Amino acid sequence: MRSKTTFGLIVGTRGFFSPQLAAEGRRQLVAKLDNMGYECVILPEDVTPTGAIETLDDAKKCARLFQERRDEIAGIIVALPNFGDELGVVNTLNLAKLDVPVLVQASDDDIDKVDVANRRDSFCGKLSVCSNLYQYDIPFTDTTYHTCAIEGDVFAGDIDFFARVCHVANGLRNARIGAIGARPAAFQTVRFSEKLLQGSGITVVTVDLSEIISAAQKLDDKASEVEQKLAEIHDYGTIPEYIRQERILKQAKLSVAIEDWVSENDIQAAAVQCWTSIQENYGCAACLSMSMLGEKLIPCACEVDVAGVIGMYALSLATGNPSALLDWNNNYGDDRDMCVCTHCSNYPKSFIGKQVEIANLDVLGASLGAENCFGAVKGKVAAGPMTYFRISTDDRAGKIRAYLGEGEFTDDPFDMSGGIAICRIPRLQSLMKHLCKNGFEHHVGMVRSHSADVVAEAVSTYMKWELYHHQG
């Protein structure tokens with residue numbers, strides 16, 4: 001993530017305070033970002049009288065530079081090595097209109113250097129800058145402490161955190177989500193509003209499942225992309241000997257057809273009509289195709305759950321790891337802080353954390369015929385940290401709502417087939433009450449790490465979604 005992240009930099013100053021402090025802060029900040037592997041866009045030092053941003057003329061020059069390089073800038077860092085001029089900062093942001101996340105930092109004073117030549121007063125100046133940002137409705141991210149040293153480890157952590165926030169917010173605001181096929185009639189729970197999503201910058205791109213099936217059927221058995229996909233499938237997991245090669249070939253062609261459509265339409269995540277049409281009209285499951293895309297960080301959700309896959313995409317953006325869609329499925333005995341989350345499944349193989357078996361769907365196979373249901377990725381999710389996240393388009397209220405929290409996957413036993421995840425979540429019963437009372441769906445996105453704070457900052461501050469952040 002670092003090597004691809006570029007920040008626009010605004011270093012503030014104010015005439016009553018030492019411009020040398022601003023110049024020193026500028027040098028420290030540029031050097032720090034370079035050492036951390038980030039790129040930056042900043043006015044050349046000789047373009048303004050102090051090398052920092054203070055006047056309206058300074059702001060116009062900086063805004064012009066930001067506009068020229070808007071396609072590169074993921075976020076803007078405002079640094080206040082001294083009090084700073086709040087109008088210089090807010091005018092730059094308002095004129096540039098990049099609509100990217102903003103991080104506001106103010107430098108510590110040293111208690112033995114508060115004479116006229118060395119005092120910063122950044123502690124106070126930050127309040128003035130943030131007040132103006134609030135007045136102009138420019139959302140921003142704060143640092144861990146109100147003031148901190150540019151060269152310190154705390155600010156380094158703030159920068160890394162901010163980079164991940166930028167990745168999530170910018171990714172969501174420009175996402176193109178595929179909806180492959182129609183929602184299964186029995187699943188009204190996954191209905192959603194395209195218009196509410198579009199209001200947040202998320203475009204839903206639809207395609208009829210028949211088009212994907214037709215594209216798969218037209219592929220030649222010996223086509224290079226089909227043979228390459230066959231090899232990829234065999235490397236992806238263990239396939240039982242009773243699975244006939246023709247079933248694996250069908251799966252390979254389906255994967256090629258879906259991946260081609262995803263690529264041609266610039267899709268970042270997709271929700272797929274995974275049953276029962278694909279089994280009855282084509283002859284295999286869609287799970288493996290979705291799993292393999294998920295492993296490539298293109299999340300895929302079952303049952304055309306578009307809102308669900310957006311949550312998965314946010315988790316992948318925050319962590320750089322594959323995410324999965326799970327059902328809140330079973331209690332775990334009488335331990336009320338544990339539950340079992342499952343799916344058939346389409347989990348990316350690294351989500352499971354060990355060798356996976358690729359076989360037939362169990363439940364659907366019993367009713368649709370096992371020979372039509374090859375492609376389920378089976379395995380138990382390995383123990384480790386977990387973050388869960390779900391969004392829902394509340395059409396009645398005209399807004400997008402979400403919930404978020406952290407827990408753990410455990411090694412506890414559970415004798416069920418498919419994709420199984422044993423979860424421990426503090427105050428689970430309280431979370432379930434919130435989901436039930438507020439109409440949330442039975443699906444949830446999960447990722448194998450703790451990243452709730454990043455997602456919370458991105459979706460609440462920048463997406464403006466109503467968020468319930470469940471705490472232990």
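The shown structure was predicted, so the numbers you read here are calculated from the model rather than taken from an experiment. One is the number of the first residue; the rest follow in order along the sequence.
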Can you tell if the side chain of [X] reaches within under 4.5 Å of the side chain of [Y], non-hydrogen atoms only?
X	Y	value
His167	Asn170	no
Val377	Asn346	no
Lys32	Ile159	yes

- Message: Looking at Asp266, I'd like to know if its CG atom is crowded, meaning that more than 12 non-hydrogen atoms belonging to other residues, nucleotides or ligands lie closer than 6.0 Å.
- Response: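 Yes, enclosed.
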- Task: Check the pair Val459 / Leu404 against side-chain contact (heavy atoms from CB on, under 4.5 Å), numbers first and verdict last.
- Result: CA-CA 10 Å; Val459 304; Leu404 170 73; 5.7 Å; no
- Task: State whether Arg173 and Asp99 are salt-bridged, where the test is any N-O pair (Lys NZ or Arg NE/NH1/NH2 against Asp/Glu carboxylate O) under 4.0 Å.
- Result: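 Yes, this pair counts.
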- Item | Arg183/Glu441 ion pair, N-O < 4.0 Å |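 No, Arg183 and Glu441 are not salt-bridged.
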- Message: For Tyr388 and Tyr403, take the angle between the two ring planes, folded into 0 to 90°, and tell me which bin it lands in: parallel under 30, tilted 30 to 60, perpendicular over 60.
- Response: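 It falls in the tilted class, 30° to 60°.
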- Item | Residues forming a side-chain hydrogen bond (donor to acceptor under 3.5 Å, both in side chains) with Glu466, sequence neighbours excluded |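 For Glu466, the residues satisfying side-chain hydrogen bond (donor to acceptor under 3.5 Å, both in side chains) (neighbours in sequence not counted) are Lys399.
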- Query: Any cation-pi pair here, Arg401 with Phe440, using under 6.0 Å and within 45°?
  - Reply: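 Judged by the rule, Arg401 and Phe440 form a cation-pi pair.
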- Message: So that I know where these two stand, are Phe16 and Phe83 an aromatic pair - ring centroids less than 6.0 Å apart?
- Response: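 Judged by ring-centre distance (under 6.0 Å), Phe16 and Phe83 do not meet the cut-off.
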- Task: Identify which one of Phe162, Phe7, Phe66 satisfies the side chain to side chain contact (heavy atoms under 4.5 Å, CB included) criterion when paired with Ile76.
- Result: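 With Ile76 as partner, side chain to side chain contact (heavy atoms under 4.5 Å, CB included) holds for just one option, Phe66.
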